Amino acid sequence: MTDAKQEFEKAYEPQGVEDAIYQKWLDSGYFTPENLPDFAERKEVFSIAMPPPNVTGTLHIGHATMLAIEDSMVRFARLSGKKALWIPGTDHAAIATQSKVEKMIFETEGKTRHDLGRSEFLRRVNEFAQNSHDTIVNQCKKMGSSLDWTREAYTLDAERNKAVNVAFKQMFEDGLIYRGDRIVNWDPLMQTTVSDDELDRKESKAPFYYLKYGPFVIGTARPETKFGDKYVVMHPADERYAAYEHGQQIELEWINGPITATVIKDEAADPEFGTGVMTITPWHDAVDFGIAERHGLDKEQIIDDNGKLLAIAGEFAGQPIKIARKNIIEKLAGKGLVDHIDEDYVHNIALNSRGGGIIEPQIKKQWFVSVNKEFARDGQTVTLKQLMQNAVRSRDVTIVPDRFEKTYFHWIDNLRDWNISRQIWFGHRIPVWYKGEEQAVGEAPTGEGWEQDPDTLDTWFSSGLWTFSTLGWPNKEAPDMMYHPTTVLETGYDILFFWVARMILMSTYLLGEVPFKTVYLHGLVRDEQGRKMSKSLGNIINPLDMISKYGADATRLSLIIGGTPGNDTRLSEEKIAGFRNFTNKLWNISRFVDMQTGGLRHVEAMPVAVTLADKWILGKFASVVDKVTQYQASYQLSLAGELLREFTWTDFADWYLEIAKVEKGKDDMLNYILERLLILWHPFMPFVTEEIYARLNNGLIMVAQWPVINEETASNNPFIFGGTEQDYNNRGEALSARSIQEEFTRLQEVIVAIRNIRAENNVPPKQLVEIVVTDKALFMYDDVIRALAKVSNVGFDDDRVEQMASTVVAGMEIYVSLEGLVDTAKEISRIENELIGLRKYVEMQTTKLENADFVSRAPEKVIALERAKLAEAKDKVEKLTGQLASMK
RNA sequence: GGACGCAUAGCUCAGUUGGUUAGAGCGUUACAUUGACAUUGUAAAGGUCGGAGGUCCGAAUCCUCCUGCGUCCACCA
């Protein structure tokens, strides 16, 4: 970097610089790990496959959270000298995208996809997807995401299609993919099946009809399905129906005339529910389908693909469900077959969560992935379910927070075969071709007359391959495969099943290795009242708006700090504004160091600490570096951020910089700490740190070295790692880190106590006061005390005069001269109040230490500590009492 | 019905092997502000850690039960 010295404006204005900084990063090429300095020497690999946002629209605050967290992880890895790779991409989100475009076209042109035809419709969807994609890419950049754009992928592009076809073929050949007539979730609105996981259940109140069915009374909320009901089912152990035998036939009058019903005894019938008797509709109910399968019963379709009744319904044929229901009940009532009606029945109806209609179970010929079928693997037989379970049970994949492991196992236990074929147009075609009786799988066969399966694949089939389809697979020799398994998969807990589980399935099956080592699940971002953000509520916080208002760094911080994995977080604009303030604080800290030291600069070696404050800040900083590193490595991002904020604002700015105004000769120390502090912050707030770092003329901060403070790098200041119990006694001696911290804390307490007395007595902040202390050691810091507590002179014990307010801190007495300002009555009451609290404490401690059990059972360290605290409190009581006496 | 989570200051939340008189940010109050920063500084007020038991020398922390809120899964025909 050869930039001329840049001005430090009074306030940080992110709007003016963020885009240019991002461009600088892009120009550097460092988002591509191979371009990193010393790429070959970087031993460890760190990789994340970004969860590809759906090309259904724009990024919301949840995406912003994902980007903020993942970018901080990647930047930390890059700074720590790893080959850091973060792969961007988008998801075609088959059903969701098609549904959205269909709606748009219908609203604007009044046309359906069938009006347009398959190829024109797909052209329109792709056009829409491309626009969404461009918006998404732009938003990722606005967030500062250090994604390797040279490796960008799309779940529906040619390379991913190849991976999909290879995966399909292998599963087919292992017998894990089959085609069969099974009951599936049919969406009559979108005319497609959807998977079990893509259903939303909505509570709804509907009349529940009790109907006379021969000698029985059966209950149903769906009389329109009852035409084919010729089986009546009861629990084998239900005493009430012991007289009826399995297989027994009963003649009875039903909706459209007399029918013959057959008694079936099956444990699926719940004796506790209703009358304990039910009729079944195997074609339109999954449980009924199971009963029918067990007993080899007939299955008849009642409702067609459009939700209208079929010929079996007789006079009701062609009627849509809603209308038919009413008519049927009328007819049944007329025949005296309605026993009674429960109007307050509440049940759940299933909806297609991707913007479709009310699900009607149907039996259809579909493609399935068999999760329970055994196949050979390393000389043993396993099932896909077992592969999924083993990956987590063996800890090859760890889930953060770990309670989600339970949820994961529970989901797998209940997993049924996965319906992977969809009747929509947008998506990967099922890679199967037919010609007469012939069938080809995987690649398009050559020759005439072959027709491809018209269906498309469930979108999660292709996203299940994401961690390796983005790295060159199915070419197992692809150089990028060195980045697999990826290091961490970071996503919202809401797609643990949809996606995370399926990636584990695909990767363990196809590659024989896990897709990622750690799953980090973030929570949902809610509004300040804890509600989900939604358009209808009008409570959406748009990340782009926040970025343009407060900057990307502030937006990122608000999404990381204060959130813990797996838990929802509340976000408000005030919170973001608060972090904007912090961004500016960091800027001004740097501005001050710049002015104070004649320009920011790189300081290679740790400077020798001279004063107590120097030693204190270095010791503190060493501990901060250590902890932040640990927090980052263990994905405890919020803790890292909070610790950094505390150090930056309180320790560094409020104390050390203030001291630096009176203790000179800290130029190297200030620059040394500031540079490293910026690096520690960089993963969280990349823009402002890069902007400040530009003024150091030391290259880009994004490829700086993560600070390490150890015996070697701190050899100038051995106290940091020296003994811990050496006594402090005088200036300049080798001191332990601990005694330094204690001594500095003492100094802080003295200063705060003086400020406190000043505030209590309404001394104007500018007015200087004199103080008297009883501990000569404090004279060493009189310049600091004078500056930070606005003191004109520090006197010793003998100089004590009247008209002084007093207090006791860390065993020493402090008197503040108030030159007539002192309000004696107020002072007396203040001290008396303090004494009340102290005496209570002394009493409590005494009781504790007189407890024989405590003294004999607690560790000695704890006892010693408690004794010391008691002694100190007693001492303070004594001194304050003395002060009080002299005042009265 | 099954499982899980949350309950700590007015608000949002930390609190990692049980051990200072329980912390932070925001908000509130008082004073101040030409000097890095009003996107600021100094100081203060504010909590019997949801309730009841239990284990322990010692519990916000571990166990049991209860209450309230939330989430997921399964679904009853």
Side-chain angles (χ1 to χ4, degrees), chain A residues 8 10-12 201 208 218-222 225 229 233 268-270 272-281 285-288 291 345 347-348 350 401 403-404 406-407 410-411 413-414 493-494 496-497 524 528 530 550 554 561-564 566-572 574-575 577-596 634 636 638-639 642 645-646 649-650 653-654 657-658 661 752 755-760 762-766 788-790 837-838 840-841 844-845 848 851-859 861-863 865-866 868-869 873:
Chain A
F8 249 112
K10 194 168 179 179
Y12 174 61
R201 298 195 189 261
F208 191 77
I218 58 156
T220 185
R222 301 202 58 193
T225 65
D229 289 16
V233 184
D270 178 4
E272 304 293 315
F273 185 83
T275 57
V277 180
M278 63 178 177
T279 59
I280 57 168
T281 315
D285 185 286
V287 175
D288 295 358
I291 295 170
Y345 181 66
H347 68 148
N348 290 320
R403 63 185 146 90
F404 281 95
K406 238 181 206 173
T407 324
H410 184 252
W411 179 79
D413 289 341
N414 291 307
Y493 64 75
D494 50 330
L496 178 65
F497 306 138
L524 264 49
E528 51 197 320
Y550 303 106
I561 295 184
T564 43
N567 292 325
D568 294 351
T569 53
R570 296 184 190 206
L571 183 66
S572 61
E574 291 72 43
K575 185 174 176 187
F579 284 110
R580 183 270 320 269
N581 296 355
F582 177 74
T583 311
N584 188 59
K585 184 73 183 184
L586 185 63
W587 175 264
N588 270 290
I589 286 169
S590 308
R591 182 166 182 254
F592 172 75
V593 173
D594 180 71
M595 292 167 87
Q596 183 88 355
S634 56
Q636 294 179 280
S638 181
L639 288 179
E642 280 175 48
R645 178 172 58 180
E646 164 77 11
W649 207 316
T650 306
D654 291 344
L657 294 192
E658 289 305 317
K661 289 175 185 172
V752 169
R755 287 169 173 171
N756 196 329
I757 286 175
R758 296 175 57 114
E760 290 273 345
N762 299 321
V763 180
K766 272 185 169 175
L788 269 61
K790 302 276 187 238
L838 270 172
K840 261 187 203 157
Y841 180 66
M844 202 184 78
Q845 284 298 95
K848 192 185 223 177
N851 183 338
D853 282 334
F854 175 72
V855 179
S856 62
R857 297 200 173 218
K861 255 189 174 178
V862 173
I863 296 170
L865 204 63
E866 298 299 321
K869 285 189 294 191

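Here is the naming used below: chain letters follow the sequence lines, and residue numbers restart at 1 for every chain. Computed from a prediction, not measured in an experiment: that's the story for all the values here.
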K.L.:
Rounded off to whole Å, could you give me the CG-to-C1' distance for the Asn567(A) and G70(B) pair?
P.N.:
11 Å

K.L.:
Let me know the distance between CG of Asn588(A) and C1' of G41(B), rounded to the nearest Å.
P.N.:
13 Å

K.L.:
Reckon Leu639(A) touches a base, only the sugar-phosphate, or nothing at all at heavy-atom distances under 4.0 Å?
P.N.:
base

K.L.:
How long is the line joining NE2 of His410(A) and C1' of U71(B), in whole Å?
P.N.:
14 Å

K.L.:
Report the relative orientation of the aromatic rings in Tyr493(A) and Phe404(A); use parallel for angles under 30°, tilted for 30 to 60°, perpendicular for over 60°.
P.N.:
parallel

K.L.:
Determine the Euclidean distance between corresponding C1' atoms of C76(B) and G5(B); express it in Å to zero decimal places.
P.N.:
27 Å

K.L.:
Reckon Lys575(A) touches a base, only the sugar-phosphate, or nothing at all at heavy-atom distances under 4.0 Å?
P.N.:
nothing

K.L.:
Over how many whole Å does the gap from Lys861(A) atom NZ to C57(B) atom C1' extend?
P.N.:
19 Å

K.L.:
Need one value for Arg645(A): base, sugar-phosphate or nothing, where a base atom within 4.0 Å counts as base even if backbone is also close, heavy atoms only.
P.N.:
sugar-phosphate

K.L.:
Please round to the nearest 0.5 Å and tell me the distance separating atom OG1 of Thr569(A) and atom CD1 of Ile561(A).
P.N.:
12.5 Å

K.L.:
For the pair Asn567(A) (side chain) and Gly563(A) (backbone), establish whether a donor and an acceptor sit closer than 3.5 Å, ignoring hydrogens and angles.
P.N.:
no

K.L.:
Which protein N or O atoms sit under 3.5 Å from an N or O of nucleotides 42-45 of chain B?
P.N.:
residue	atom	partner	partner atom	Å
U42(B)	O3'	Arg755(A)	NH1	3.3
A43(B)	OP1	Arg755(A)	NH1	3.3
A44(B)	OP1	Asn756(A)	ND2	3.3

K.L.:
Can you tell me the base-pairing partner of A52(B)? Count Watson-Crick or G-U wobble geometry only, both distances below 3.5 Å, and say none if there is no partner.
P.N.:
U64(B)

K.L.:
Pro765(A) side chain: which of C76(B), C31(B), C73(B) is closest?
P.N.:
C31(B)

K.L.:
As a quick check of understanding, evaluate side chain to side chain contact (heavy atoms under 4.5 Å, CB included) for Ile280(A) and Asp285(A), giving each step before the final call.
P.N.:
CA-CA 8 Å; Ile280(A) 57 168; Asp285(A) 185 286; over 6 Å; no

K.L.:
Under 4.0 Å between any heavy atoms, over every strand shown, what does Val233(A) touch: base, sugar-phosphate, or nothing? Just pick one.
P.N.:
nothing

K.L.:
Using atom C1' of each nucleotide, how far apart are U8(B) and G51(B) to the nearest Å?
P.N.:
15 Å

K.L.:
Have a look at Gly578(A) and say if it touches a base, only the backbone sugar-phosphate, or nothing, with a 4.0 Å heavy-atom cut-off.
P.N.:
nothing

K.L.:
From U12(B), A36(B), U16(B), pick the nucleotide closest to the side chain of Arg570(A)?
P.N.:
U12(B)

K.L.:
Hey, is the side chain of Glu658(A) pairing donor to acceptor with the base of A36(B) inside 3.5 Å?
P.N.:
yes

K.L.:
Of the options U40(B), A14(B), C4(B), whose atoms approach the side-chain atoms of Lys585(A) most closely?
P.N.:
U40(B)

K.L.:
Quickly work out the His347(A) NE2 to A74(B) C1' distance and round it to whole Å.
P.N.:
16 Å

K.L.:
Determine which nucleotide pairs with A22(B), using a 3.5 Å limit on both distances of a Watson-Crick or G-U wobble pair.
P.N.:
none

K.L.:
Check nucleotides 18-21 of chain B against the protein and report each pair of N or O atoms closer than 3.5 Å, with its distance, or say if there are none.
P.N.:
residue	atom	partner	partner atom	Å
U20(B)	O3'	Lys869(A)	NZ	2.9
U21(B)	OP1	Tyr841(A)	OH	3.0
U21(B)	OP1	Gln845(A)	OE1	3.4

K.L.:
Donor-acceptor pair, Arg758(A) side chain versus Ala789(A) backbone, under 3.5 Å?
P.N.:
yes

K.L.:
Could you give the distance separating A60(B) and U20(B) at their C1' atoms, to the nearest angstrom?
P.N.:
15 Å

K.L.:
Find the partner of A9(B): check Watson-Crick (N1-N3 plus N6-O4 or O6-N4) and G-U wobble (N1-O2, O6-N3) distances, both under 3.5 Å, and reply none if neither fits.
P.N.:
none

K.L.:
So what does Ser572(A) touch, heavy atoms closer than 4.0 Å: a base, only the sugar-phosphate, or nothing?
P.N.:
nothing

K.L.:
Using only atom types and a distance under 3.5 Å, with no angle test, would you say the side chain of Arg755(A) pairs donor to acceptor with the backbone of Leu788(A)?
P.N.:
yes

K.L.:
If you measure from the C1' atom in G19(B) to the same atom in G15(B), how many Å do you get, rounded?
P.N.:
14 Å

K.L.:
Using a 3.5 Å distance criterion without hydrogens, assess whether the side chain of Asn588(A) forms a donor-acceptor pair with backbone atoms of Asn584(A).
P.N.:
yes

K.L.:
If you measure from the C1' atom in A36(B) to the same atom in G47(B), how many Å do you get, rounded?
P.N.:
36 Å

K.L.:
Report yes if the side chains of Trp649(A) and Ile589(A) come closer than 4.5 Å at any heavy-atom pair, otherwise no.
P.N.:
no

K.L.:
Hey, is the side chain of Trp649(A) poking within less than 4.0 Å of OP1 or OP2 on G41(B), counting only N and O atoms?
P.N.:
yes

K.L.:
Determine whether a donor-acceptor pair (N or O, by modelled atom type, separation under 3.5 Å) exists between the side chain of Gln845(A) and the backbone of Glu866(A).
P.N.:
yes

K.L.:
Within the 4.0 Å heavy-atom criterion, would you say Ala653(A) contacts the bases, only the backbone, or no part of the nucleic acid?
P.N.:
base

K.L.:
Determine which nucleotide pairs with U28(B), using a 3.5 Å limit on both distances of a Watson-Crick or G-U wobble pair.
P.N.:
A44(B)

K.L.:
Give one of base, sugar-phosphate or nothing for Thr279(A), where a contact means two heavy atoms less than 4.0 Å apart.
P.N.:
sugar-phosphate

K.L.:
Could you say whether Gln596(A) or Phe273(A) is positioned toward the 5' end of RNA chain B, judged by the nucleotide with the nearest heavy atom to each?
P.N.:
Gln596(A)

K.L.:
Do Lys869(A) and Tyr841(A) meet the cation-pi criteria used here (NZ or CZ under 6.0 Å from the six-membered ring centre, within 45° of the axis)?
P.N.:
no

K.L.:
Tell which nucleotide pairs with G1(B), taking only Watson-Crick or G-U wobble pairs whose two distances are both under 3.5 angstrom.
P.N.:
C73(B)

K.L.:
Roughly how far, to the nearest 0.5 Å, is CZ of Phe579(A) from OH of Tyr550(A)?
P.N.:
13.5 Å

K.L.:
With a 3.5 angstrom cut-off on both distances, give the Watson-Crick or G-U wobble partner of U17(B), or none if there isn't one.
P.N.:
none

K.L.:
Would you indicate whether the side-chain heavy atoms of Tyr12(A) and Leu586(A) approach each other to under 4.5 Å?
P.N.:
no

K.L.:
Starting at CZ of Phe208(A) and ending at P of C76(B), how long is that distance when rounded to a whole Å?
P.N.:
11 Å

K.L.:
What is the separation between atom CZ on Phe582(A) and atom P on G41(B), rounded to the nearest whole Å?
P.N.:
11 Å

K.L.:
What is the separation between atom CG on Leu524(A) and atom P on C13(B), rounded to the nearest whole Å?
P.N.:
13 Å

K.L.:
Nearest 0.5 angstrom please: Asp594(A) CG to Gln596(A) CD, how far?
P.N.:
10.5 Å

K.L.:
Distance between the C1' atoms of C13(B) and G27(B), in whole angstroms?
P.N.:
14 Å

K.L.:
From the set C37(B), C76(B), A36(B), return the single nucleotide nearest to any side-chain atom of Phe592(A).
P.N.:
A36(B)

K.L.:
In whole Å, what separates the P atom of U16(B) from that of C62(B)?
P.N.:
9 Å

K.L.:
Considering only the C1' atoms, how many Å lie between G70(B) and A30(B), rounded to the nearest integer?
P.N.:
40 Å

